[in-house]
Amino acid sequence: MSEQITITLPDGATREYASGVTGLEIAESIAKSLAKASIAVTVNGEQRDLCDPITQDAQFSIIKLDSDEGLEIMRHTVTAQLLARAVKNLYPEAKLAIGPTIENGFYYDVETPKPLSEEDLAKIEKEMRKLKETNAPIHKSLNSKADTLAAFEKRGEPYKMDIVERADQEDGFQLYQQGDSEFIDLCHGPHLPSLKHVGVFKLMKVAGAYWRGDSNNQMLTRIYGTAWRNDKELKDYLHMLEEAEKRDHRKLGTEMGLFHFQPEAQGSVFWHEKGYLIWQQLEQYMRRRLTAAHYQEVKTPQLMHSKFWEQSGHWQKYREDMFVVPDVVPNTEEDGPIFKEEPKEFLALKPMNCPAHVQIFKQGIKSYKDLPIRMAEFGCCHRNEAHGALHGLMRVRQFTQDDAHIFCREDQILEESIEFCKLALDIYKDLGFDDYTVTLETRPEQRIGSDELWDKAEQGLMDAMDAIGLEYTINEGDGAFYGPKLGFIIRDAIGREWGCATLQLDFNLPERLDATFIGSDGERHRPVMLHRAILGSIERFIGILIENYAGKLPLWLAPVQCVVATITGSADEYAKEVHQKLLDAGIRAELDIRNEKINYKVREHSAVNKTPVLYAIGAREAEERTVAIRRLGSQAQNVEALDKAIESLAQECKAPY
RNA sequence: GCUGCUGUAGCUCAGUGGUAGAGCGCGUCAUUGGUAAUGACGAGGUCGGGAGUUCAAUUCUCCCCAGCAGCACCA
């Protein structure tokens, strides 16, 4: 086989090699040092092992550990080779499932007779280090389905066998092996050529996970770990984790006295006055934006009869997430049953606002000239979320959506979608989020409506995106049961992503609930419904804001914008006057004339309460009618004349819209 | 809902088979101070709930409940 192939390097240079040349050989032919640093290669856009033969002309590049791909390959090797083997060494009866890489690390799912706990991690980690010390080379073999199954059967690995059995291919199964050890792992690769390329790693935690992600299946132990090129990278990462923990809105919310939860109302928020001030600022800001965008605000019932939800389809498709209330007078006898009679009629708390909005639309006769109707509601919804899903403000059972439904003609979809996207992005900018991605989520298995309607709906959203030039990725099967949706995902200050805004195109509900308008032809037509939200849930969005700003909210959102703190009791009277002037100027201000030192007050209002502005008032300020201004996060003190200071602060406290 | 871990003062957490401790916070007093914790004293707890083992349980066992992490789900 002396056929020649042409290899094109990233810089465009080409080189000739005999067919069957390996990535390692190519690297060696370029430079010995390069070969040493290589851990894998990319051949025509596909990652391959260094030892894979290349048999046709190819675009070729070398992957080193210093690239993102290289780091991911290293993590992959750490989990599949070190972690998996360490577990098998320590617990020979363990069964291996899968071990992929994830953001910042990796995990491996294993089944052990006794679930592993965090205490086992140190032992496993030690074993991993021992294995790494061997610096063993990693070999790969290609195997037929039968041989692969036999190999895993011999080792008692039912999960691996399941993966192989479900695979489409008949051969070419890649098995990786360290040196001459008995241990093998199935992997699509590539892997490091040798364990000596492994950097630093740390096992983080264990958690339960279902085999194949299906809650009907066996629960496995998932071992999480992280791996980096060197100690510094690991340290930085651990530091970032600490930072995320510090920003936890549950912790900050408690410290700042914003809200609390208690067991009798799990998943529902007790908003304290300060937390509710944030809420009101946000809600009022949204209301101003919606009004300016020609939305009309409405309010609809919490409790509605099951017949209503049957019509909307929620009773059939969504009932397990709904709170259902029997329409029966409860029994008041002591120790008696709660209900004397078997309830026959049921009401349900609304989990969504849309069907109610259709009812408002249906009152009276609508003309094509009335459309679009943009109906908004800060709608309080209840959903019976699984206990384990509840998480602070991020996932609650009672939440308020900044919801709206746009009833329009088909010819108005494009413009309405475009206007919505512009509005959403502009609002995010005001709220401090500039970084976002967009997804299109298509028809799920559980759905109502014909395939033709779904085709039309999905196409409609794609057209709108194309018209604005917004890039999007498609998530198959993630749509709502009544229509496809567009999702806006914002990225916060420490790089975490949150799905918030959504635009859902719905041809189904108007039909189900028989909403019509009279067209220019005098005939009845179906309106299209665009379900849309920008914040998503106000509760959750406040949680995101708190974490994004680490509690240091921008002035216009801060529950207390300015604290007037006295240095000495002799300044109390003047401080009271300053406080009143701030209130008169519409600034949310507090007065602190406690018998405490200024150091104490500064710490409390800054570090604990995160108040953006502090006016320190001593005898000097009272004498000169000034204020000493201190900003959150700064040591600087600015002395300004009282009236001037308040005037500019009032200006600064204005909401962005 | 599933798996694992946790539950002690308002908060953060020590601790023990013989009914409990710290720091912060809170209250009182002293202190009137100049920018990220002034000092002293004091009050405050059926040790998540129930059952069991035991002479004795906050401690050990079991069952519930709740919280946390992850899974599944999702705004």
Side-chain angles (χ1 to χ4, degrees), chain A residues 102 107 109 111 114-120 204-224 248 250-251 254-255 257 260-267 320-321 351-352 379 381 383-403 478 480 485 487 498-502 504 531 533-541 543-544 565-572 593 595-610 614-621 628-639:
Chain A
I102 51 175
Y107 65 79
D109 286 347
E111 186 196 324
K114 199 172 145 276
L116 298 172
S117 72
E118 312 256 319
E119 279 115 65
D120 299 312
M204 305 295 286
K205 58 192 171 195
V206 293
Y210 300 111
W211 168 237
R212 293 192 171 276
D214 183 337
S215 57
N216 296 314
N217 285 343
Q218 174 75 32
M219 172 69 76
L220 310 171
T221 302
R222 176 166 295 179
I223 304 170
Y224 284 92
D248 190 317
R250 293 166 301 182
K251 183 171 162 278
T254 305
E255 269 177 28
H260 86 270
F261 292 91
Q262 61 187 54
E264 297 83 353
Q266 40 175 304
E320 65 173 352
D321 289 313
M352 298 180 191
C381 295
R383 294 187 191 170
N384 196 351
E385 299 286 349
H387 289 78
L390 301 175
H391 181 89
L393 296 177
M394 301 307 190
R395 197 69 182 278
V396 291
R397 285 179 156 173
Q398 179 194 308
F399 59 99
T400 302
Q401 293 179 314
D402 63 319
D403 201 8
D478 282 347
K485 63 186 192 189
W498 307 95
C500 290
T502 175
Q504 304 173 9
H531 305 244
I534 292 176
L535 307 180
S537 115
I538 295 184
E539 284 83 352
R540 181 162 170 274
F541 202 86
I544 295 169
T566 48
I567 295 165
T568 163
S570 66
D572 285 0
I593 52 175
N595 178 14
E596 294 293 348
K597 298 185 103 165
I598 191 66
N599 288 295
Y600 182 89
K601 295 184 183 181
V602 166
R603 195 196 84 92
E604 186 174 294
H605 298 301
S606 304
V608 183
N609 294 331
K610 320 266 192 292
L614 185 118
Y615 283 178
I617 307 283
R620 207 155 61 221
E621 286 74 19
I629 306 166
R630 180 173 178 137
R631 298 278 176 154
L632 183 58
S634 160
Q635 309 277 328
Q637 298 158 41
N638 256 327
V639 179

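Because the structure is a prediction, the values reported are computed rather than measured.
- The interatomic distance linking A:Lys251 (NZ) with B:G10 (P) rounds to 20 Å, in whole Å.
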Show each protein N/O and nucleotides 63-68 of chain B N/O combination with a separation under 3.5 Å, one pair to a line.
{"from": "B:A66", "atom 1": "OP1", "to": "A:Gln266", "atom 2": "NE2", "distance (Å)": "2.5"}
{"from": "B:C68", "atom 1": "OP1", "to": "A:Arg250", "atom 2": "NH1", "distance (Å)": "3.3"}
{"from": "B:C68", "atom 1": "O3'", "to": "A:Arg250", "atom 2": "NH1", "distance (Å)": "3.4"}

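- Of the P atoms belonging to B:G34 and B:G21, the separation is 38 Å, rounded to the nearest Å.
- To the nearest angstrom, P of B:G48 lies 23 Å from CZ of A:Phe261.
- Atom OG1 of residue A:Thr254 and atom NE2 of residue A:His260 lie 9.5 Å apart, to the nearest 0.5 angstrom.
- With both ends at atom P, the span from B:A14 to B:C71 equals 26 Å, rounded to whole Å.
- Residue A:Tyr224 is in sugar-phosphate contact alone, with no base atom involved, counting any heavy-atom pair closer than 4.0 Å across all strands shown.
- The nucleotide whose nearest atom lies closest to any side-chain atom of A:Arg222 is, among B:A36, B:C26, B:C71, B:C71.
- A donor-acceptor distance shorter than 3.5 angstrom exists from the side chain of A:Glu539 to the backbone of A:Thr400, with no hydrogens or angles considered.
- Remark: the backbone N or O of A:Asp321 is not paired with any side-chain donor or acceptor of A:Arg383 at under 3.5 angstrom.
- Residue A:Ala619 is in base contact, counting any heavy-atom pair closer than 4.0 Å across all strands shown.
- Comparing the C1' positions of B:G52 and B:A57 gives an interatomic distance of 11 Å, to the nearest angstrom.
- Here B:G34 presents its C1' atom at 18 Å from OH of A:Tyr600, a figure rounded to the nearest Å.
- Both A:Leu614 and A:Glu596 lie near RNA chain B, and the one whose nearest nucleotide falls closer to the 5' end is A:Leu614.
- The structure places CZ of A:Arg395 at 8.0 Å from CG of A:Leu390, a figure rounded to the nearest 0.5 Å.
- At a threshold of 4.5 Å between non-hydrogen side-chain atoms, the residues A:Arg540 and A:Trp498 count as touching.
- A donor-acceptor pair under 3.5 Å links the side-chain atoms of A:Asp402 to the main chain of A:Leu535, judged by distance alone.
- Consecutive Watson-Crick or G-U pairs involving RNA chain B, each under 3.5 Å on both distances, make up stems of three or more pairs at B:1-7 with B:65-71, B:10-13 with B:21-24, B:26-30 with B:38-42, B:48-52 with B:60-64.
- Put simply, the side chain of A:Phe541 does not reach to within 4.5 Å of the side chain of A:Ile534, judged on heavy atoms.
- For the atom pair CD of A:Glu255 and NZ of A:Lys610, the computed distance is 5.5 Å after rounding to the nearest 0.5 Å.
- When the P atom of B:G25 is taken as reference, atom NE2 of A:His605 falls 13 Å away, rounded to whole Å.
- When the C1' atom is compared between B:A43 and B:G27, the two are found 7 Å apart, to the nearest whole Å.
- For the pair A:Met204 CE and B:C5 C1', the interatomic distance rounds to 16 Å; values are reported in whole Å.
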What nitrogen or oxygen pairs link the protein and nucleotides 73-75 of chain B at under 3.5 Å?
{"from": "B:C73", "atom 1": "O2", "to": "A:Arg395", "atom 2": "NH1", "distance (Å)": "3.1"}
{"from": "B:C73", "atom 1": "O2", "to": "A:Arg395", "atom 2": "NH2", "distance (Å)": "2.4"}
{"from": "B:C73", "atom 1": "N3", "to": "A:Arg395", "atom 2": "NH1", "distance (Å)": "2.9"}
{"from": "B:C74", "atom 1": "O4'", "to": "A:Arg395", "atom 2": "NH2", "distance (Å)": "3.3"}
{"from": "B:C74", "atom 1": "O2", "to": "A:Arg395", "atom 2": "NH1", "distance (Å)": "3.2"}
{"from": "B:A75", "atom 1": "OP1", "to": "A:Lys485", "atom 2": "NZ", "distance (Å)": "3.3"}
{"from": "B:A75", "atom 1": "OP2", "to": "A:Lys485", "atom 2": "NZ", "distance (Å)": "3.4"}
{"from": "B:A75", "atom 1": "O2'", "to": "A:Arg540", "atom 2": "NH1", "distance (Å)": "2.9"}
{"from": "B:A75", "atom 1": "N6", "to": "A:Glu385", "atom 2": "OE2", "distance (Å)": "2.7"}
{"from": "B:A75", "atom 1": "N6", "to": "A:Val396", "atom 2": "O", "distance (Å)": "2.6"}
{"from": "B:A75", "atom 1": "N1", "to": "A:Val396", "atom 2": "N", "distance (Å)": "3.3"}
{"from": "B:A75", "atom 1": "N1", "to": "A:Val396", "atom 2": "O", "distance (Å)": "3.0"}

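- Nucleotides B:G18 and B:U58, compared at atom P, are 11 Å apart to the nearest Å.
- Distance noted for atom C1' between B:A36 and B:C29: 26 Å (whole Å).
- Atoms NZ and OG1, from A:Lys601 and A:Thr566 in turn, are 3.0 Å apart once rounded to the nearest 0.5 Å.
- Distance check: A:Leu614 CG to A:Ile629 CD1 gives 10.5 Å after rounding to the nearest 0.5 Å.
- For B:A37, the base has a donor-acceptor partner in the side chain of A:Arg603 [N/O atoms by modelled type, under 3.5 angstrom].
- A donor-acceptor pair under 3.5 Å links the side-chain atoms of A:Glu621 to the main chain of A:Gly618, judged by distance alone.
- In this structure, CZ on A:Arg620 lies 12.0 Å from OG1 on A:Thr568, to the nearest 0.5 angstrom.
- For the P atoms, the distance from B:G17 to B:U61 is 13 Å, rounded to whole Å.
- Surrounding CD of A:Glu320 are at most 12 heavy atoms belonging to other residues, nucleotides or ligands under 6.0 Å away.
- Residue A:Ala533 is out of contact with every strand shown, counting any heavy-atom pair closer than 4.0 Å.
- The base of B:G34 sits within donor-acceptor range of the side chain of A:Glu621, with an N or O pair under 3.5 Å.
- Here the P atom of nucleotide B:A30 and the NZ atom of A:Lys597 are 17 Å apart, to the nearest Å.
- Separation of the P atoms belonging to B:G23 and B:G50 is 31 Å when rounded to the nearest angstrom.
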